[in-house]
Amino acid sequence: MDEAKKNLSPEEAAKLDRQAVAEMVESLNLRDVISGKSSGISVGGKNKKDMSDFKFWSSQPVPKIGSLSSITPDGPIEKDKAIEEIRQDPYPLPKDFEWCTMDLNNQVQLKEVYELLTANYVEDSDATFRFDYSAEFFRWALMPPGFVKDWHIGVRVSASKRLVAFISAIPITLRIRAFTKHSSEVNFLCVHKKLRNKRLAPVLIREVTRRCNLHGVFQAVYTVGIYLPTPITANQYYHRALNTKKLVDTGFSGVPRNMTLARLIAKNKVPDTTSTPGLRELEEKDLPAVGELLSAYLARFDLVPLMSEEEVRHNFWSGRGTGQPDPVTGKRPGQVTWSFVVEDPETHRITDFFSFYSLPSTALKVSPTVTIDAAYLYYIATELPASAAGTSANSVATTWDKESPETRAHIKQRLVRLIWDALSFANKAKFDVFNALTLMDNNLFLNDTKFGPGDGMLYWYLFNWTTRPISGGTVDPALGAVGATQAAKGSMFDPAKGSGVGLVML
Ligand code: MYA
């Protein structure tokens with residue numbers, strides 16, 4: 001019996017147990033809707049897995065578990081293949097299934113993808129929340145400039161033609177430290193719940209790889225909520241409550257023990273008005289300036305997308321919806337992204353930029369089910385102080401971890417203010433929660449703007465590329481112990497530690 005319970009009646013001891021559980025739950029703070037993108041396998045503890053446990057992944061060009069270290073060289077694991085070496089036919093599927101390429105310009109097919117993912121995509125570990133991407137979101141996320149239709153891959157039941165699995169890739173020019181590679185970003189892998197554990201996922205992954213190879217692409221980046229061989233970094237999710245009551249009512253967050261709901265609501269209140277002079281919604285004419293600001297800002301990180309002008313336009317302009325904004329929320333029909341700039345009132349230079357996107361989740365255990373409207377921080381950038389300038393769009397020098405305390409303080413002060421403003425906009429647009437990861441310079445604002453740790457980690461992977469582990473703004477998986485238990489404690493956040501990740505995956 002533990003010390004605290006020694007002189008207690010059974011009722012009192014039970015109460016203490018409940019209290020301990022309540023404390024544990026409270027320490028989880030806010031849970032991750034992100035979920036399936038969060039249920040980790042412990043790799044340090046007794047559930048330790050090694051390469052031989054990963055029958056599929058041990059056959060793929062990915063780093064072996066434990067192989068990444070501070071002396072890992074940068075480079076491919078396998079050489080690029082000549083076109084004749086690449087398998088020309090699709091991989092065989094189990095009997096009764098067939099491949100299809102989804103045409104997302106076709107409303108019926110777009111709806112099929114949407115319906116498959118709405119019912120079967122990522123859930124948290126106890127199936128309380130599930131991502132609820134919208135059809136507009138898929139169009140925006142999967143059809144960037146240069147997208148390859150052939151990389152929107154579906155599996156249908158041959159007889160009924162019902163869509164039962166999906167995987168996608170989009171092109172991305174990725175800078176990994178000093179190397180720039182035309183790569184693909186793989187996402188939205190989904191197998192219908194009734195077809196799970198039948199080894200369909202490996203066939204989908206091999207097929208998307210084959211189709212990327214046929215386009216001369218041999219590297220990919222992807223994020224997953226589980227530990228696979230082998231992450232190059234990991235970020236932790238953080239959440240900022242906006243509609244506190246709804247989050248508590250739906251089980252997304254709890255009221256801490258020594259607090260009332262009313263006090264929690266007051267604590268989470270955000271200002272009705274923004275505070276940065278010159279802040280306004282992005283206009284089309286700002287796009288070139290935003291592209292430059294962003295590439296100078298991102299040049300400081302280790303893993304970065306190099307965005308063309310068209311990509312900047314797509315990422316920050318094309319998702320703004322069409323038609324008249326709603327008079328209360330300001331949201332346009334079909335809007336998936338929100339982008340803002342700060343125009344210096346005197347010089348008219350664009351000095352700052354931030355954006356967020358909408359990704360609702362369904363709270364599955366409340367009846368009827370409820371939608372949690374979540375905003376996710378997308379890209380953010382601020383002009384660097386003159387002393388830190390010198391990083392240019394073409395620079396490949398990673399500098400974020402060598403910046404002076406003055407530079408860090410300058411960035412922090414700008415970001416904290418911008419994020420308070422982002423929270424005001426998101427609150428006005430009636431989002432319930434604002435989410436961010438411990439990537440880029442986010443650790444500089446998370447505490448000051450009252451974000452709380454979630455219980456999920458997001459693991460980052462590179463296909464057919466090795467590099468030294470990249471700091472994720474939290475304990476590094478390849479160097480330190482990592483797993484669901486530790487992540488759940490919410491204790492891995494070190495505000496002083498930044499991250500080398502300068503890429504945001506949807
Ligand atoms: S992350 C989102 C993933 N989707 C979901 O979580 C939605 C809900 N879950 C499902 O739909 C299924 O459970 C999925 C697995 C489809 C995930 N990433 O078919 P199985 C390995 C990679 O029997 P199922 C996202 O979209 C697993 O370790 N591998 O399993 C990014 C085992 O391999 P091994 C995964 O549960 C995707 C094998 O699959 C994942 O029926 C990036 C079991 O297969 C996962 N999320 O289906 C994909 N989950 O034996 C990689 C399980 O080795 C891209 N597994 O342990 C790689 C780059 C390719 C392009 C390269 C170009 C050059």
Side-chain angles (χ1 to χ4, degrees), residues 37-81 169 172 174-186 189 199 201-202 205-206 208-209 212-213 217-236 301-304 396 398 401 437-439 457-487 492 497-503 505:
K37 289 225 166 200
S38 86
S39 52
I41 297 167
S42 171
V43 289
K46 64 176 178 325
N47 301 329
K48 190 169 172 166
K49 279 189 139 198
D50 61 32
M51 254 349 246
S52 61
D53 294 311
F54 292 98
K55 293 276 171 300
F56 166 65
W57 281 109
S58 54
S59 71
Q60 298 298 299
V62 291
K64 304 267 172 286
I65 290 175
S67 69
L68 297 180
S69 74
S70 57
I71 55 163
T72 301
D74 290 88
I77 296 168
E78 274 177 10
K79 280 204 299 229
D80 294 2
K81 296 187 179 88
I172 177 174
L174 200 60
R175 178 173 65 72
I176 313 157
R177 298 203 158 95
F179 293 83
T180 298
K181 297 298 295 181
H182 288 291
S183 312
S184 61
E185 196 178 312
V186 180
L189 165 63
R199 314 298 299 178
I205 296 169
R206 283 186 209 276
V208 76
T209 305
C212 288
N213 289 172
V217 170
F218 297 92
Q219 272 72 38
V221 59
Y222 50 103
T223 53
V224 185
I226 56 172
Y227 190 100
L228 301 166
T230 296
I232 44 143
T233 186
N235 294 149
Q236 190 168 358
F301 298 108
D302 301 305
L303 181 69
V304 176
V396 289
T398 297
D401 57 346
L437 285 156
T438 56
L439 45 68
M457 296 289 285
L458 186 67
Y459 296 100
W460 289 74
Y461 301 92
L462 293 175
F463 186 90
N464 194 21
W465 192 265
T466 61
T467 189
R468 330 190 276 292
I470 292 174
S471 170
T474 181
V475 169
D476 201 320
L479 300 176
V482 68
T485 329
Q486 280 199 333
M492 298 164 76
K497 210 173 164 205
S499 167
V501 178
L503 169 66
M505 297 263 304

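Just so you know, these numbers use all the heavy atoms, side chains as well, and skip hydrogens, waters and symmetry mates. The model shown is predicted, which means the values in this text are computed figures rather than measured ones.
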Can you see which heavy atom on [X] is nearest to which on [Y], and at what distance?
{"X": "Ala234", "Y": "Tyr459", "answer": "CB-CD2, 3.8 Å"}
{"X": "Leu174", "Y": "Leu462", "answer": "CD2-CD2, 4.1 Å"}
{"X": "Ser184", "Y": "Val217", "answer": "N-CG1, 3.7 Å"}
{"X": "Val186", "Y": "Met505", "answer": "O-CE, 4.0 Å"}
{"X": "Ala169", "Y": "Val208", "answer": "CB-CG2, 3.9 Å"}

Open item on the list: Run the side chain to side chain contact (heavy atoms under 4.5 Å, CB included) test on Phe218 and Glu78 for me, step by step, so that the C-alpha distance in whole Å, both residues' side-chain angles and the decisive distance to 0.1 Å come before the verdict.
Closed with: CA-CA 9 Å; Phe218 297 92; Glu78 274 177 10; over 6 Å; no
Taking the side chain from [X] and the backbone from [Y], do they hold a donor-acceptor pair closer than 3.5 Å?
{"X": "Ser499", "Y": "Ser471", "result": "yes"}
{"X": "Thr230", "Y": "Pro63", "result": "yes"}
{"X": "Thr233", "Y": "Gly472", "result": "yes"}
{"X": "Ser69", "Y": "Ile71", "result": "yes"}
{"X": "Ser70", "Y": "Arg468", "result": "no"}
{"X": "Ser183", "Y": "Lys181", "result": "yes"}

Rounded at 0.5 Å granularity, tell me how far [atom1] in [X] sits from [atom2] in [Y].
{"X": "Leu439", "Y": "Ile470", "atom1": "CG", "atom2": "CD1", "answer": "11.5 Å"}
{"X": "Met51", "Y": "Ser59", "atom1": "CE", "atom2": "OG", "answer": "8.5 Å"}
{"X": "Gln236", "Y": "Leu458", "atom1": "CD", "atom2": "CG", "answer": "11.0 Å"}
{"X": "Phe56", "Y": "Arg199", "atom1": "CZ", "atom2": "CZ", "answer": "8.5 Å"}
{"X": "Glu185", "Y": "Ile172", "atom1": "CD", "atom2": "CD1", "answer": "4.5 Å"}
{"X": "Thr467", "Y": "Ile232", "atom1": "OG1", "atom2": "CD1", "answer": "7.0 Å"}

- [ ] Run the numbers on Ile205 and Trp57 for side chain to side chain contact (heavy atoms under 4.5 Å, CB included), then give the verdict.
- [x] CA-CA 10 Å; Ile205 296 169; Trp57 281 109; 3.8 Å; yes
Open item on the list: Are the side chains of Trp465 and Asp74 in contact, using a 4.5 Å heavy-atom criterion?
Closed with: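 In short, these two side chains touch, coming nearer than 4.5 Å.
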Open item on the list: With a 4.5 Å cut-off on side-chain heavy atoms, are Leu503 and Trp460 touching?
Closed with: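 Yes, their side chains come closer than 4.5 Å.
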Open item on the list: Let's go through Gln60 and Asn464 carefully: what are the C-alpha distance in whole Å and the side-chain angles of both, what is the deciding distance for side chain to side chain contact (heavy atoms under 4.5 Å, CB included) to 0.1 Å, and is it a yes or a no?
Closed with: CA-CA 8 Å; Gln60 298 298 299; Asn464 194 21; over 6 Å; no
TODO: Apply the test side chain to side chain contact (heavy atoms under 4.5 Å, CB included) to residues Val501 and Phe301: give CA-CA distance (whole Å), side-chain angles for both, the deciding distance (0.1 Å), then the verdict.
DONE: CA-CA 6 Å; Val501 178; Phe301 298 108; over 6 Å; no
Open item on the list: Tell me whether the rings of Tyr222 and Tyr461 are parallel (<30°), tilted (30 to 60°) or perpendicular (>60°).
Closed with: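 Answer is parallel, since the angle falls under 30°.
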